[in-house]
2 protein chains.
Amino acid sequence: MKDNKRGGFRVGAGRKSGSGCFGESTKVIRVPTSRVTEINQYIRRPQAGNTDIVMLPHPTPQKIQLKLFDHKVPAGFPSPADDHIEKSLDLNEYLITKKESTFFVKIKGDSMIDASIHDNDIVIVDRSKQAKVGDIILASIDGEFTIKILAKHLSLPRLLPANEKYQPIVIQESMQFEIWGVVTGAVRKF
Amino acid sequence: MKDNKRGGFRVGAGRKSGSGCFGESTKVIRVPTSRVTEINQYIRRPQAGNTDIVMLPHPTPQKIQLKLFDHKVPAGFPSPADDHIEKSLDLNEYLITKKESTFFVKIKGDSMIDASIHDNDIVIVDRSKQAKVGDIILASIDGEFTIKILAKHLSLPRLLPANEKYQPIVIQESMQFEIWGVVTGAVRKF
DNA sequence: AATTTGATTAATGTTACAATAATCAAATGA
DNA sequence: TCATTTGATTATTGTAACATTAATCAAATT
């Protein structure tokens with residue numbers, strides 16, 4: 001039942017310009033594949049209600065409100081602060097699993113620098129944990145404490161320093177050798 | 001002077017995949033005309049961000065005092081009587097000076113590795129401390145959080161990574177730039 | 001040994017296209 | 001008469017295609 005009498009060219013016919021979801025014309029641009037989702041979310045995000053406010057601690061009695069998205073040039077892409085203030089953190093809870101068997105050791109010197117344990121770092125040692133090959137352990141050899149990576153050489157245990165400049169130590173039967181625990185963490189003050 | 005003896009099909013010929021300015025494949029997407037410039041700037045700006053989640057100190061942390069030993073003292077412990085050697089320590093107290101102005105940020109990537117800040121470390125940031133040149137700071141650049149070393153060059157602030165593979169960032173007037181605090185410590189779990 | 005050259009393939013900005021959606025007015029039907 | 005349907009028209013929108021540029025390799029040349 002087609003006829004030629006409906007429609008037809010006439011001014012004002014057809015979809016109105018600006019009736020798309022952006023209310024304006026569009027262009028195609030090329031962007032990295034990994035950021036397609038991010039950009040699509042961003043350009044579709046309601047502009048009006050964009051009032052993300054993050055509260056961060058401040059020494060003054062009343063906490064300061066820091067407004068994000070007040071950029072001068074590129075306006076408001078998703079910021080890490082958007083949804084990233086998640087939870088609170090208790091350092092004791094985070095770093096100490098078993099407080100009954102945990103203690104700290106303050107490190108002197110740079111012999112563990114390749115395991116990124118530095119002079120004056122404090123390491124967290126759990127003496128209840130069974131040391132496995134590859135673990136960073138606190139051991140004593142002939143009455144001296146040392147922090148090393150546990151390896152195994154035939155049947156005798158072997159301690160690898162994390163710093164290449166130091167020689168591995170093969171534990172002989174005659175040596176007093178004791179593993180005091182496994183290093184489970186490290187903390188540092190700047 | 002054309003001949004058919006150069007080039008020719010052979011494995012490995014031609015431009016390498018991923019050699020473009022994004023280091024990955026691209027796609028075309030349609031965006032509002034008014035935001036083309038903004039998005040092009042955004043996807044091309046230096047990726048300074050090296051932080052992940054932001055956390056606040058726990059309001060009611062566990063109080064755990066554990067023994068602190070010195071790496072260099074001769075083994076013979078535990079010797080609870082010896083107060084000279086043995087101290088005790090609470091990690092929250094040790095690392096957090098001002099709870100009201102402190103928060104935590106998780107590090108992503110290895111841009112600060114020479115400052116011994118590693119992937120997945122958590123750094124402690126004090127917002128009340130005045131940042132000085134040379135300090136490790138948390139800053140935001142155009143909405144992106146980053147941990148960097150604060151420097152100054154010709155009166156413009158500069159953010160230096162602690163890894164020669166990364167480029168310093170010169171802060172221009174046109175950039176949104178804010179210093180959020182000074183990094184006062186770092187913790188790591190093994 | 002260093003440089004040039006031509007073939008090859010990826011990157012990149014733009015245009016083209018097809019499918020969908022919105023809009024209008026004539027045609028239809030109550 | 002007035003609401004609904006219908007067909008033509010035009011914008012939107014995601015994707016494919018294209019042309020130009022850039023990077024890379026190995027043979028040819030200096």
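Per chain, numbering begins at 1; letters A, B, ... match sequence-line order.
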message = Can you identify which nucleotide, out of D:dC25, D:dA23, C:dT12, has its nearest atom closest to the B:S19 side chain?
response =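 For B:S19, the side-chain atoms sit closest to D:dA23.
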
query = When you measure from the side chain of B:R44, which nucleotide among C:dG13, D:dT12, C:dT12 comes out closest?
reply =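 Minimum distance to the B:R44 side chain belongs to C:dG13.
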
Check residues 151-159 of chain B and write down every donor-acceptor pair under 3.5 Å in which the side-chain atom is one partner and the other belongs to a residue at least two apart or another chain.
none

request  = Measure from NZ or CZ of B:R35 to the centre of the six-membered ring of A:Y42 and say whether it is under 6.0 Å with the direction within 45° of the ring axis.
outcome  =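 Satisfied, under 6.0 Å and within 45°.
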
Within 45° cone and under 6.0 Å: A:K189 NZ/CZ vs B:Y94 ring = yes

query = Atom CD1 of A:I29 and atom P of C:dT15: how far apart are they, to the nearest Å?
reply = 15 Å

request  = Take atom NZ of A:K16 and atom P of C:dT23, then tell me their distance rounded to the nearest Å.
outcome  =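 Value for this atom pair: 7 Å.
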
Can you tabulate the close N/O pairs, meaning under 3.5 Å, that link protein atoms to atoms of nucleotides 17-22 of chain D?
none

ask   = When the nearest nucleotide of DNA chain D is assigned to A:G18 and to B:K27 on a heavy-atom basis, which residue is associated with the more 5' position?
value =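 Of the two residues, A:G18 wins.
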
ask   = Between A:I29 and B:I29, is any pair of side-chain heavy atoms under 4.5 Å apart?
value = yes

ask   = Would a distance-only check, ignoring hydrogens and angles, find a side-chain to backbone donor-acceptor pair under 3.5 Å from A:D90 to B:P61?
value =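 Here the side-chain-to-backbone pair does not exist.
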
Please set out all donor-acceptor pairs under 3.5 angstrom arising from side-chain atoms of residues 16-24 of chain A, sequence neighbours excluded.
residue, atom, partner, partner atom, Å
A:K16, NZ, A:G12, O, 3.2
A:S19, OG, A:R15, NE, 2.9
A:S19, OG, A:K16, O, 2.8
A:E24, OE1, B:S34, N, 3.1
A:E24, OE1, B:S34, OG, 3.4
A:E24, OE2, B:S34, OG, 2.7

